[in-house]
Amino acid sequence: MSAGLTAPKGTFDTLPPDSARFLAVRDTLTAPLRRAGYGYVETPVFEETAVFSRGVGESTDVVTKEMYTFDDRGGRSLTLRPELTAGLMRAFIEHRLHDGALPVKLWTVGSAFRYERPQAGRYRHFTQVDMEALGTDDPALDAEVVALGVQGFRDLGLTDFELLLTSLGDATCRPQYRELLVAYLAKLDLDEETRRRAAINPLRVLDDKRPEVQAQLGDAPLMVDHLSDSTRAHYDAVRQHLTDLGVTWTEAPRLVRGLDYYTKTTFEFVHSGLGAQSAIGGGGRYDGLSAALGGPDVSGIGYAVGVDRTLLAVQAEGLDIGAVAGVQAFVVPLGSEAKRLAVRLVGQLRQAGVAADTVYGDRGLKGAMKAADRSGASHVVVVGERDLAEGVGQLKDMRTGEQRAVPVAELFDALRRATVGE
RNA sequence: GUGGGUGUAGCUCAGUCGGUAGAGCACCAGGUUGUGAUCCUGGGUGUCGCGGGUUCGAGCCCCGUCACUCACCCCA
């Protein structure tokens, strides 16, 4: 709009009243984690670049072309986190949490950064809720993690979302399957770009949305048909537990994730009201991540949910969440003497836990009443010169319009009583 | 990174054939020298994204550029 400073490309500001909805979504998504014994963790928003190049995977798009990487003044290569799991795992290893009781259950929420072409629901700066259950390879834990994700969306009132579920195999069966798939893809008529992708990560070709590509994949071999016995047993157990937990899902044998660390159970939450960027959350098991970062060979599972995208989903479904409460009481002074009383009264009310406000700047009575109306206050006190001369203020109920004189000394109590229970 | 669409007031938008801007909402003030939400009246709050070109004259036409947006890709 102006030629002045603007938020960087691909970023946005969240302002009132939308910001209240953002907070409500964020807190609703994390509540199930807190109820399930997950502990809050805070890690830096930037890490040594190796945390991501080794953790997320050297060959991934995220690492090769989407990271904000820079050298600091000490010559260290640092990177703004493109996701939150790798940093959490780094902290888990650094502080030897694996030496304690297992599983270690953690969650965090915060900013992530990726240099991508902005699009609906895709930004260069975004906010994720991230949770991890580390150190135990128990299918019941996989089910717990998935169910907690579902719970967050349910608590928001979302209905137009779906859980996509599959197993990506493990270190024993995936390499064999990968060979099968590579051989299959080699026979297809694919463009240069897709051929390159097939060489780096053949599984990702399965996820291609272009009809001309999909048309050729009709009888492509699927990972779920080539799982090892133990991996299959694990996946079966996960599904059994999910059924017991009342979670429904859609089998998605072609589901692929763009981060290299995923193994076995893999899932995505998609919402139908968001356009192309339909994934509001995703995750899975990553039994090789700790070792890749130089830690012990421990397993892990977790997910990331996009707070901004979930907010878009909430709005797409027209859900009324995080409505701004406004204040309960409002004081309108006329004249400098009344102003002192108003400031004092509002201060007392706030200390007593009553949400209160007054007007600032030079405003006439009409304008002040308008501000009082906008504030959402149910009760307003008007104090003018004439009232002060009589030692009273006018207490007005904004809903009924009724107004009565109250002695100045009793205004605080009268307002506090009037707003109780609101 | 590739391709399409759009940029006019705080917001949503109109602007004819090229003649230097308008509506609704919002906001402010007055009607009521002391009363909001209704009503009436008044107020435009603008670098027509930016830069250049054509023209007597550009919001409108041309070129470039930036931003936003949608899709591919990627993914939260």
Validation: residues 341-348 of chain A side-chain donor-acceptor distances under 3.5 Å, sequence neighbours left out:
none

Quiz: residues 162-170 of chain A side-chain donor-acceptor pairs under 3.5 angstrom, not counting sequence neighbours:
from	atom 1	to	atom 2	distance (Å)
E162(A)	OE2	T250(A)	OG1	2.7
S167(A)	OG	G169(A)	N	3.3
D170(A)	OD1	T172(A)	N	3.0
D170(A)	OD1	T172(A)	OG1	2.7
D170(A)	OD1	C173(A)	N	3.2
D170(A)	OD2	T231(A)	OG1	3.0

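Between U65(B) and A58(B), the distance separating the two P atoms is 23 Å to the nearest Å. Between C40(B) and C25(B), the two P atoms lie 10 Å apart (nearest whole Å). Nucleotides G49(B) and U16(B) are separated by 14 Å at their P atoms, to the nearest Å. Distance noted for atom P between G31(B) and A37(B): 14 Å (whole Å). The separation of C61(B) from G7(B), taken at their P atoms, amounts to 10 Å, rounded to a whole angstrom. Comparing the P positions of G15(B) and A9(B) gives a spacing of 15 Å, expressed to the nearest Å.
Sorted by residue number, the list of members of residues 30-58 of chain A with any non-hydrogen atom under 4.0 Å from RNA chain B is empty.
Pairs of residues two or more places apart, or lying in two chains, that qualify as side chain to side chain donor-acceptor pair (under 3.5 Å) and include a residue from residues 367-378 of chain A are S378(A)-E422(A). Note on residues 13-67 of chain A: pairs passing ring-ring contact (aromatic ring centres under 6.0 Å, His included), not counting sequence neighbours, are Y40(A)-W107(A). Screening residues 190-227 of chain A for ring-ring contact (aromatic ring centres under 6.0 Å, His included), with sequence neighbours left out, gives Y177(A)-H226(A). For residues 139-157 of chain A, every residue pair satisfying the salt bridge (Lys or Arg N to Asp or Glu O under 4.0 Å) rule, not counting sequence neighbours, is listed here: R35(A)-D155(A), K105(A)-E144(A), D142(A)-R285(A). For residues 138-159 of chain A, the ring-ring contact (aromatic ring centres under 6.0 Å, His included) pairs, not counting sequence neighbours, are F153(A)-F161(A), F153(A)-F269(A).
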For RNA chain B, produce a single dot-bracket line, 5' to 3'. Pairs: Watson-Crick or G-U wobble, both distances under 3.5 Å. Symbols: ( ) within strand, [ ] crossing, | other strand, . unpaired.
-> (((((((..((((.....[..)))).(((((.......))))).....(((((..]....))))))))))))....
What nitrogen or oxygen pairs link the protein and nucleotides 71-74 of chain B at under 3.5 Å?
from	atom 1	to	atom 2	distance (Å)
A71(B)	OP1	A276(A)	N	2.9
A71(B)	OP2	Q119(A)	NE2	3.1
C72(B)	N4	R122(A)	NH2	3.2
C73(B)	OP1	D208(A)	OD1	2.7
C73(B)	OP1	K209(A)	N	2.9
C73(B)	N3	R122(A)	NH1	2.6
C73(B)	N4	Q119(A)	OE1	3.1
C73(B)	N4	R122(A)	NH1	3.0
C73(B)	N4	Q277(A)	NE2	2.9
C74(B)	OP1	R197(A)	NE	3.4
C74(B)	OP1	R197(A)	NH1	3.1
C74(B)	O2'	E66(A)	OE2	3.2
C74(B)	O2	E116(A)	OE2	3.3
C74(B)	O2	R122(A)	NH1	2.9
C74(B)	N3	Q277(A)	OE1	3.3
C74(B)	N4	K209(A)	NZ	3.4

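By the salt bridge (charged side-chain N to carboxylate O under 4.0 Å, His left out) test, R21(A) pairs with D18(A), sequence neighbours left out.
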Indicate for each nucleotide in nucleotides 32-40 of chain B, in 5' to 3' sequence, whether protein heavy atoms under 4.0 Å reach the base (B), only the sugar-phosphate (S), or nothing (-).
-> --BBBS---
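Note that CG of D207(A) and CZ of R254(A) are 9.5 Å apart. Values are rounded to the nearest 0.5 Å.
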